[in-house]
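Some notes on the structure that comes next.
Residue numbers start at 1 and run along the sequence shown. Side chains included, hydrogens not; waters and symmetry mates left out as well; all remaining heavy atoms used.
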Amino acid sequence: MVDERNMDDPAQLRLGAPVGMADGPVDQLRIVEALLFAAAQPLDEAALAERLPRGADLRSLLITLQAFYAPRGVNLVKVAGKWAFRTAEDLSFLLHRETTEERKLSRAALETLAIVAYHQPVTRAEIEEIRGVTVAKGTIDLLMETGWLRIRGRRKVPGRPVTFGTTPAFLDHFGLEAIGDLPGLDDLKAAGMLDGRLPPGFRIPIPNDDLTLRDDEEPDDGGELDLGLTPLSERGAP
């Protein structure tokens, strides 16, 4: 059976058609297709032309391949002046992959989280008083970004500093049914996390994450934080 298509017009060629191997344009199409599929990076036209016979109409070959792959799962596209096969845009969602980035909390973040969990509601100044060092703004920001801390309200004192508490996400992450399941003094001693020579009167508060604001708290109105409670090292120049 004779193929009566115009062999001088690459646009009329179709990949996979029963055309003889001696047909130059078809061989050239296969060469360009193979080069693009095997390439780890997009190829420019100069690199493609080097592998084709002298006089090959590379531009027409690329247009033919582009038209052939237009309705398929992969498309031939030109990116930054180079050619490459890419997943069809309407199918890109099939290859979308979500990953969870794991970040190890710093010691300061862990200490801050523990203080809030046991002492909530607690202000930043109170956290610093318990730790004995200042708390970097980024530490609290990170814990809030993880969803483990939340702003409860504001303390009814001059400056109205915000109070912090834990969230259900905190309980979920650490496998706790309730905040009261946090280890107590005896548990921490048994785990070797506390020195046996504790000062007289040392105790661990009973954690309570009740959503109801306490008598010394009021609802947060979204106002600015009191700069007077911000550590001197983090304040702007006067």
Side-chain angles (χ1 to χ4, degrees), residues 1-110 112-113 136-151 166-176 222:
M1 190 174 220
V2 178
D3 192 327
E4 297 181 351
R5 290 175 294 177
N6 182 2
M7 302 306 295
D8 294 328
D9 184 2
Q12 295 187 26
L13 296 178
R14 293 293 179 270
L15 299 182
V19 181
M21 291 297 295
D23 294 316
V26 173
D27 288 340
Q28 294 168 14
L29 275 173
R30 295 177 66 233
I31 291 172
V32 173
E33 181 185 29
L35 290 172
L36 291 170
F37 261 120
Q41 303 293 335
L43 298 177
D44 58 27
E45 295 183 10
L48 292 169
E50 289 178 359
R51 310 298 293 271
L52 292 173
R54 185 182 300 274
D57 189 350
L58 177 60
R59 183 55 60 85
S60 294
L61 295 173
L62 290 169
I63 292 175
T64 300
L65 282 175
Q66 195 172 41
F68 174 77
Y69 280 98
R72 304 178 72 86
V74 292
N75 299 152
L76 179 59
V77 298
K78 192 173 185 180
V79 290
K82 299 181 180 182
W83 294 86
F85 283 109
R86 293 286 186 267
T87 303
E89 187 173 349
D90 61 326
L91 298 179
S92 60
F93 72 94
L94 294 173
L95 303 181
H96 179 70
R97 181 180 178 183
E98 294 185 358
T99 59
T100 301
E101 179 185 0
E102 294 185 359
R103 292 185 292 178
K104 185 177 181 179
L105 289 180
S106 65
R107 178 176 177 178
L110 288 173
T112 300
L113 181 62
K137 183 177 184 298
T139 299
I140 294 180
D141 289 343
L142 174 62
L143 293 173
M144 294 189 67
E145 287 174 7
T146 62
W148 296 345
L149 292 190
R150 65 183 179 88
I151 293 177
T166 55
T167 67
F170 168 80
L171 299 177
D172 179 66
H173 180 83
F174 290 96
L176 302 173

Of all the heavy-atom pairs spanning [X] and [Y], show the shortest one and how long it is.
X	Y	value
Leu35	Leu43	O-CD1, 3.7 Å
Leu61	Leu29	O-CD2, 3.5 Å
Glu45	Trp83	OE2-NE1, 3.2 Å

Between [Y] and [X], is there a side-chain heavy-atom distance shorter than 4.5 Å?
X	Y	answer
Phe170	Leu176	yes
Arg86	Pro42	yes
Met144	Ile151	yes

Notebook entry, point to check: Would you say Thr167's side chain and Gly147's backbone share a donor-acceptor pair under 3.5 angstrom?
Noted result: yes
Note to self: For Tyr69, is there any backbone N or O sitting under 3.5 Å from a side-chain donor or acceptor partner on Asn75?
What the structure shows: yes
Next item on the list: Carefully, step by step, assess Leu105 and Trp148 under the rule side-chain contact (heavy atoms from CB on, under 4.5 Å).
Entry: CA-CA 12 Å; Leu105 289 180; Trp148 296 345; 3.4 Å; yes
Checklist line | side-chain contact (heavy atoms from CB on, under 4.5 Å) partner of Leu76, chosen from Leu62, Ile63, Val32 | finding: Leu62
Between [atom1] on residue [X] and [atom2] on residue [Y], distance to nearest 0.5 Å:
X	Y	atom1	atom2	value
Leu48	Lys82	CG	NZ	11.0 Å
Leu65	Leu36	CG	CG	7.0 Å
Ile31	Leu58	CD1	CG	11.0 Å

